[in-house]
Structure formats: C-alpha cells, structure tokens
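Encoded as structure tokens, the structure appears first; notes follow it.
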Amino acid sequence: MAHSLKVAAAVCLLAGTAQGGCPTGEVSFLICRIQASDKSLSVCFDDQNAFYRFGVEGQPPELELTEPVATLDYEPWPGVSSTIWESVRFNNAGYQYEVYGAVERIYPEDENDEITTRVKGGVHVTRGDQVVAELSCDPETLGFLWDEGLGAAKRNLGYSWNYQSHEWVALPD
C-alpha cells in the first residue's frame, strides 16, 4: 500500500511540471525539449481537440497538427506492468507522428524503501513502414501527464476503450 502512494505522488509531480507549457484552456499530455536539440515537442488537448506542436523553443511551431479528440488515435495504459505508458498518433500527409510517454516504476528489494521512477518520452515519425525519425525527450525537461485526462475526454464524447481489440468504440445512444 505504501508503494502505491509514493508512486502516485511521483506521477502527480510530473503532472504539475507538464501543465505549464500548454496554452490557456488546454491540458498537457506530454511536453519536453528534444535531446541534444533546441526543438520542443508538446501534445495538449481540450474537450474537443488534441494539438501536436513541434519546433524551436520560444518560436511559433514548425509543425502544428490538430485532431478531434473523438477520432484521435490514443492508446491508454492497459493497467499492467511496472511501466505506466500511453501514446497518441497524429497523421499528416502520409506521415504518422506517434508521441509516447512512460513512467517506469523501479521497485526496491526492501518493501519499506521508496519506489523510484524514471520518465521517458518522445516521438516516432513514420511514413508507411519506413521510420523517418525517432526523437527522444530530454528527461530533465519531460512533463508527462499520466492521469487518464485524455481518456476521460474521449469517454465524455461517448467512446469506451475496448481492451480486447485495442480500440475506442462509440457507445450506443
């Protein structure tokens, strides 16, 4: 029981970090600076739309994509494994941008010791079956909001995640 409280606190700290980078009215899914780069990546959302933004920090995005939350390809954490992860996919002109975030929980041998966490995230860019780019977030700048907020936004629009088929399905009226 003590382990779960400590992990929840760690995830909440990450959530607090991530909130600052989205425009007013939007919630963060993931925000970071790309390793060894001056580029930043963010995925934010509101009740209706999700936004992918990529570019040099402090400047207008080089690439900005918008996808309705209802049709957003979002895969929530299935609730198993020591790593909490989620991903979203945006499509643009034949390219797919898969943004992922993960919190790896590292359990100590002594159950009275604290669970430590390691966060990671980034984006995989593909065109068809070809990998175009794999960019990793600088862990020091990574804000990954794992709180099921994006899932709640989809559920509020009448969708439910089917764990067997790994897809969102529209609920009957």
Side-chain angles (χ1 to χ4, degrees), residues 8-77 83-104 117-159 161 166-168 170:
V11 173
C12 286
L13 287 174
L14 292 171
T17 302
Q19 286 293 339
C22 292
T24 302
E26 294 177 16
V27 177
S28 170
F29 172 79
L30 180 140
I31 293 176
C32 73
R33 187 176 61 248
I34 299 300
Q35 281 186 337
S37 172
D38 63 349
K39 307 274 174 120
S40 64
L41 167 68
S42 71
V43 173
C44 304
F45 64 96
D46 60 23
D47 293 345
Q48 299 295 316
N49 294 298
F51 309 94
Y52 172 99
R53 297 178 182 103
F54 180 83
V56 176
E57 286 188 71
Q59 296 182 14
E62 294 171 21
L63 179 62
E64 185 168 17
L65 306 173
T66 302
E67 178 75 28
V69 169
T71 58
L72 181 67
D73 189 357
Y74 160 63
E75 186 168 355
W77 178 52
T83 301
I84 299 169
W85 59 269
E86 295 181 309
S87 67
V88 295
R89 285 172 279 297
F90 291 82
N91 293 297
N92 181 47
Y95 291 87
Q96 185 176 65
Y97 301 82
E98 180 179 14
V99 178
Y100 65 92
V103 179
E104 179 183 4
T117 59
R118 179 177 22 221
V119 294
K120 58 186 172 181
V123 59
H124 298 288
V125 182
T126 56
R127 183 171 190 159
D129 293 336
Q130 184 178 25
V131 175
V132 176
E134 292 187 32
L135 305 174
S136 296
C137 291
D138 176 349
E140 297 295 318
T141 67
L142 179 59
F144 171 54
L145 178 61
W146 182 79
D147 73 347
E148 299 184 10
L150 195 46
K154 286 191 79 81
R155 286 188 294 278
N156 287 341
L157 293 171
Y159 293 88
W161 179 252
H166 298 277
E167 65 184 344
W168 289 93

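Model, not experiment: these values are computed from the prediction. We use all heavy atoms of the structure for the numbers below, so side chains are in, but hydrogens, waters and symmetry mates are not. For the single chain, residues carry numbers from 1 onward in sequence order.
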ask   = Could you walk me through whether Leu72 and Val88 pass the side-chain contact (heavy atoms from CB on, under 4.5 Å) check?
value = CA-CA 7 Å; Leu72 181 67; Val88 295; 4.0 Å; yes
task = Could you pull out the closest heavy-atom pair between Gln48 and Leu157, with the gap in Å?
result = NE2-CD2, 3.7 Å
task = Decide if atom CZ of Arg118 counts as having more than 12 heavy atoms of other residues, nucleotides or ligands within a radius under 6.0 Å.
result = no
inquiry  = Looking at every non-hydrogen atom in both residues, tell me the closest pair between Gly143 and Ser28 and how far apart they are.
reply    = O-OG, 4.4 Å
note = Nearest heavy-atom approach of Thr83 to Ala102 is CG2-CB, 3.8 Å
message = With a 4.0 Å cut-off on N to O distance, would you call Arg89 and Glu75 a salt bridge?
response = yes
message = If you define the side chain from C-beta out and look only at heavy atoms, does anything of Glu64 sit under 4.5 Å from Phe54?
response = no
ask   = If you draw a 6.0 Å radius around CD in Glu140, do more than 12 non-hydrogen atoms from other residues or ligands fall strictly inside?
value = no
ask   = Rounded to the nearest 0.5 Å, what separation is found between the CG atom of Asp73 and the OG atom of Ser87?
value = 7.0 Å
remark   = Rounded to the nearest 0.5 angstrom, the CD-CZ distance for Glu86 and Phe144 is 4.5 Å
inquiry  = With rounding to the nearest 0.5 angstrom, report the CZ to SG distance, Phe29 to Cys22.
reply    = 11.5 Å
task = Output the distance between atom CG (Leu150) and atom CG (Leu30), rounded to the nearest 0.5 Å.
result = 11.5 Å
task = Mind listing the closest non-hydrogen atom pair of Asn49 and Pro68 along with its distance?
result = OD1-CA, 3.5 Å
ask   = When rounded to the nearest 0.5 angstrom, what distance separates CG in Leu65 from CZ in Arg53?
value = 10.5 Å
key: Short side-chain to backbone donor-acceptor contact, Trp168 and Ala70, under 3.5 Å   = no
inquiry  = Test your reading of the model: is there a side-chain donor-acceptor pair from Lys120 to the backbone of Pro139, 3.5 Å cut-off?
reply    = no
key: OH-CZ distance between Tyr74 and Phe45, expressed to the nearest 0.5 angstrom   = 8.0 Å
task = Let me see the working for Leu63 and Asn92 under side-chain contact (heavy atoms from CB on, under 4.5 Å), right down to the final yes or no.
result = CA-CA 10 Å; Leu63 179 62; Asn92 181 47; 3.9 Å; yes
request  = Please assess Ile34 against Leu41 for the test side-chain contact (heavy atoms from CB on, under 4.5 Å), listing each intermediate value before the final yes or no.
outcome  = CA-CA 7 Å; Ile34 299 300; Leu41 167 68; 4.1 Å; yes
ask   = How far apart are the C-alpha atoms of Val43 and Phe90, what are their side-chain angles, what is the distance that settles it, and do they pass the side-chain contact (heavy atoms from CB on, under 4.5 Å) test?
value = CA-CA 10 Å; Val43 173; Phe90 291 82; 4.1 Å; yes
task = For Arg127 and Tyr95, work out which heavy atoms get closest and say how close.
result = NH1-OH, 3.0 Å
message = On a heavy-atom basis, which atom in Glu62 and which in Val56 lie closest, and how many Å separate them?
response = OE2-CG2, 3.5 Å
ask   = Which class fits the ring pair Tyr100 and His124: parallel under 30°, tilted 30 to 60°, perpendicular over 60°?
value = parallel
